[in-house]
Amino acid sequence: MKLGIVGLPNVGKSTLFNAITKAGAEAANYPFCTIEPNVGVVPVPDHRLDVLSAMVHPEKITPAVIEFLDIAGLVRGASKGEGLGNKFLANIREVDAICHVVRCFADGDVVHVEGDVDPIRDIETVNLELILADLEWMERRIDRVRKLTKGGDRSRHAELEFLERIQHTLSEGLPARSIEIAEEEKPYLQDLFLLSLKPVLYVANVAEDEVVTGSLLADKVRAYAEAEGSDVVVASARIEEEIAMLDEESRALFLAELGIGESGLDRIVRAGYHLLGLISYLTAGPKEVRAWTIERGMRAPQAAGKIHSDFERGFIRAEVVAYEDLIACGSQAAAREKGLVRSEGKEYVVKDGDVVLFRFNV
């Protein structure tokens with residue numbers, strides 16, 4: 001999973017990126033300090049791996065990972081090349097989802113590119129630039145498809161109608177993700193690469209003393225996100241920066257003192273999984289305990305293919321036990337004795353937390 005951290009300049013993007021990846025991207029008090037997208041790979045927090053490790057004592061533990069891209073700050077007019085607009089838009093095309101950091105704190109020492117703090121205006125500035133870029137892209141695509149229909153290719157009429165419906169939505173200032181798309185229309189999206197079609201997770205970046213209580217500005221972001229069907233996480237990039245410097249024990253104490261159960265990173269990861277419809281299944285053996293990220297609803301052979309293409313090609317069956325059942329039994333052998341290890345075939349839909357052993361033959 002690849003999340004692109006975006007937003008206006010000086011909203012806390014790079015501070016948040018530094019905190020969650022410990023990659024040290026420059027966080028300076030001026031626009032465009034991040035010229036190339038900084039990339040960081042972050043392990044997905046999953047306590048189940050530690051519990052399984054204590055049970056089977058593997059040589060190593062391998063968590064699932066998320067890739068974060070810290071993308072240059074966008075300004076009004078980016079779709080026409082203002083600021084680092086073209087670079088910004090090209091980098092967004094590479095990600096699976098957008099992590100949109102919105103400034104919800106007042107600080108006279110940190111310059112705001114628009115002059116004052118207004119999270120809804122900031123959100124709409126970024127969204128509008130993505131929509132305008134998509135409109136320009138759509139005009140070229142529609143012209144090409146229209147020429148094919150005029151040339152006698154009648155199979156392209158349905159595609160043309162679909163593209164024109166997207167264009168109409170965009171021209172009304174609405175993102176492409178607001179459109180209901182029928183199953184038979186999904187193939188038309190394969191090479192569209194629309195920026196405003198990407199799912200969005202809003203991160204309301206609040207002051208340190210508002211991370212527990214929240215704020216009126218963060219409430220506005222939450223209401224906006226709910227209205228468009230997006231997710232929102234309230235966090236303080238400054239606090240996340242402090243958390244990132246602590247060891248596991250000190251981190252737990254710090255979070256308890258603050259009165260929050262988990263870090264912003266944990267909540268961003270969970271929201272990102274939900275946003276993209278992702279789950280993790282687990283494998284556990286003497287060599288490795290590992291989490292594998294798959295799409296919700298994926299069947300066993302395709303899930304096996306995440307480990308190796310041979311597993312999918314030569315799939316025979318999957319031996320599956322629910323994580324909770326395995327932990328309750330204390331071992332794979334005990335779970336098998338109680339009949340909790342099931343043999344599943346090609347039609348089995350893998351569930352979050354399934355502990356799986358694939359049988360295959362190539």
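One-based numbering along the sequence shown.
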*Applying salt bridge (charged side-chain N to carboxylate O under 4.0 Å, His left out), which residue pairs with at least one partner in residues 201-213 are found, sequence neighbours left out?*
none
*Less than 4.5 Å apart, any side-chain heavy atom of Leu160 and any of Ile142?*
yes
*Please name the pair of heavy atoms, one in Trp137 and one in Leu192, separated by the smallest distance, quoted to 0.1 Å.*
NE1-O, 2.7 Å
*With a 4.0 Å cut-off, would you call Arg140 and Glu136 a salt bridge?*
yes
_No-hydrogen, no-angle side-chain donor-acceptor test under 3.5 Å, His168 and Glu172_ = yes
*Counting only N and O atoms by type, is there a donor-acceptor contact under 3.5 Å from the side chain of Ser250 to the main-chain atoms of Asp247?*
no
Less than 3.5 Å apart, which donor and acceptor atoms pair up between the side chains of residues 51-63 and the rest of the protein, not counting sequence neighbours?
| residue | atom | partner | partner atom | Å |
| --- | --- | --- | --- | --- |
| His57 | NE2 | Ala54 | O | 3.3 |
| Thr62 | OG1 | Glu288 | OE2 | 2.6 |

*Before giving the answer on side chain to side chain contact (heavy atoms under 4.5 Å, CB included), spell out for Asn127 and Ser196 the whole-Å C-alpha distance, their side-chain angles and the decisive distance to 0.1 Å.*
CA-CA 7 Å; Asn127 285 348; Ser196 68; over 6 Å; no
*Within the side chain of Asn205, is there an N or O that forms a donor-acceptor pair under 3.5 Å with the backbone of Val102?*
no
*Considering only heavy atoms from C-beta outward, does the side chain of Tyr224 approach that of Asp219 to under 4.5 Å?*
no
*Test Gln167 against Leu170 for side chain to side chain contact (heavy atoms under 4.5 Å, CB included), laying out the working first.*
CA-CA 5 Å; Gln167 184 183 44; Leu170 294 171; 5.6 Å; no
*Roughly how far apart are Arg317 CZ and Phe360 CZ, rounded to 0.5 Å?*
12.5 Å
*Is there a donor-acceptor pair under 3.5 Å between the side chain of Thr125 and the backbone N or O of Arg121?*
yes
*Rounded to the nearest 0.5 Å, what's the gap from CG on Leu194 to CE on Met138? Could you check?*
6.0 Å
*Using the side-chain hydrogen bond (donor to acceptor under 3.5 Å, both in side chains) rule, collect all pairs that involve residues 348-362, keeping only residues at least two apart or in two chains.*
Arg48-Asp352, Glu319-Arg359, Arg342-Tyr348, Tyr348-Asp354
*With sequence neighbours left out, which residue pairs that include part of residues 226-274 fulfil the ring pair (Phe, Tyr, Trp, His ring centres under 6.0 Å) condition?*
none
*Charged tip of Arg103 within 45° of Phe105 ring normal and under 6.0 Å*: yes
*Please name all residues satisfying side-chain contact (heavy atoms from CB on, under 4.5 Å) with Ala303, sequence neighbours left out, ordered by chain then number.*
Tyr281, Ile294, Met298, Val350, Phe358
*Hey, any chance Leu69 and Leu130 share a hydrophobic cluster, counting ILVMFWY side chains that come within less than 4.5 Å of each other, even indirectly?*
yes
_Test of understanding: with side-chain contact (heavy atoms from CB on, under 4.5 Å), list the residues that count as partners of Arg251, not counting sequence neighbours._
Lys22, Ile243, Leu246, Glu248, Leu255
_Using the rule given for side chain to side chain contact (heavy atoms under 4.5 Å, CB included), can you reason through Glu241 versus Leu16, listing the C-alpha separation, both sets of side-chain angles and the distance that settles it, and then say yes or no?_
CA-CA 7 Å; Glu241 205 168 33; Leu16 181 65; over 6 Å; no
*So Arg222 and Val234, side chain to side chain contact (heavy atoms under 4.5 Å, CB included) or not? Walk me through it.*
CA-CA 9 Å; Arg222 182 178 283 108; Val234 177; 3.2 Å; yes
*Which heavy-atom pair separates Leu275 from Val200 by the least distance, and what is that distance?*
CD1-O, 3.6 Å
*Look only at the side chain of Lys220 and the backbone of Ile120, and say whether a donor-acceptor pair between them is shorter than 3.5 Å.*
no
*For Cys329 and Leu340, which heavy atoms make the closest approach, and how far apart are they?*
SG-CD1, 3.5 Å
*asked:* Quick check against the 3.5 Å criterion: does Glu312 have a side-chain atom that pairs as donor or acceptor with the backbone of Ala304?
replied: no
*With rounding to the nearest 0.5 Å, note down the distance linking CG in Leu163 to CD in Glu139.*
12.5 Å
*Any side-chain heavy atom of Ile92 sitting closer than 4.5 Å to one from Lys198?*
yes
*Check whether any side-chain heavy atom of Cys99 lies under 4.5 Å from a side-chain heavy atom of Val6, and answer yes or no.*
no
*Name all pairs fulfilling the salt bridge (charged side-chain N to carboxylate O under 4.0 Å, His left out) condition that reach into residues 297-308, sequence neighbours left out, sorted by first residue then second.*
Arg299-Glu347
*Drop me the distance from Leu195's CG to Arg93's CZ, to the nearest 0.5 angstrom.*
4.0 Å
_Nearest atoms (heavy-atom pairs only) where Leu49 meets Ala291_ = CD2-N, 3.8 Å
*Pairs in or reaching into residues 181-200: which pass ring pair (Phe, Tyr, Trp, His ring centres under 6.0 Å), with residues at least two apart or in two chains?*
Phe162-Tyr188
_Membership question, hydrophobic clusters at under 4.5 Å side-chain separation (ILVMFWY): are Val206 and Val101 in the same one?_
no
_Sub-4.5 Å side-chain heavy-atom contact between Gln332 and Glu337_ = no
*Could you name each residue pair satisfying salt bridge (charged side-chain N to carboxylate O under 4.0 Å, His left out) that touches residues 263-279, not counting sequence neighbours?*
Glu262-Arg270
_Common cluster, Val233/Leu8, ILVMFWY with side-chain heavy-atom separation under 4.5 Å_ = yes
*Going by distance alone, is a donor N or O of one side chain under 3.5 Å from an acceptor N or O of the other, for Trp292 and Ser280?*
no
*May I ask you to test the Ser230-Arg177 pair for a side-chain heavy-atom distance under 4.5 Å?*
yes
*Is any side-chain heavy atom of Val355 less than 4.5 Å from a side-chain heavy atom of Val320?*
no
*Should Ile123 and Val95 be regarded as members of a common hydrophobic cluster, given that ILVMFWY residues are connected when their side-chain heavy atoms come within less than 4.5 Å of each other, either directly or indirectly?*
yes
*asked:* For a quick test of reading the model, state the closest non-hydrogen atom pair linking Leu201 to Gly272 and the distance between them.
replied: CD2-N, 4.4 Å
*In chain order, what residues pass the side chain to side chain donor-acceptor pair (under 3.5 Å) check against Arg165, with sequence neighbours excluded?*
Glu185
*Might you point out which heavy atoms bring Leu278 and Met1 nearest each other, and give the distance in Å?*
CD1-SD, 3.4 Å
*Report the distance from atom CG of Leu128 to atom CG of Leu174, rounding to the nearest 0.5 Å.*
11.0 Å
*Are Val289 and Leu282 side-chain neighbours, meaning at least one heavy-atom pair lies under 4.5 Å?*
no
*Donor-acceptor pair, side chain of Asp96 and main chain of Leu3, under 3.5 angstrom*: no
*Would you please name every residue forming a side-chain contact (heavy atoms from CB on, under 4.5 Å) with Lys147, sequence neighbours left out?*
none
_For residues 322-331, which residue pairs pass the salt bridge (charged side-chain N to carboxylate O under 4.0 Å, His left out) check, not counting sequence neighbours?_
none
*Got a salt bridge between Asp191 and Arg141, using NZ or NE/NH1/NH2 to carboxylate O under 4.0 Å?*
yes
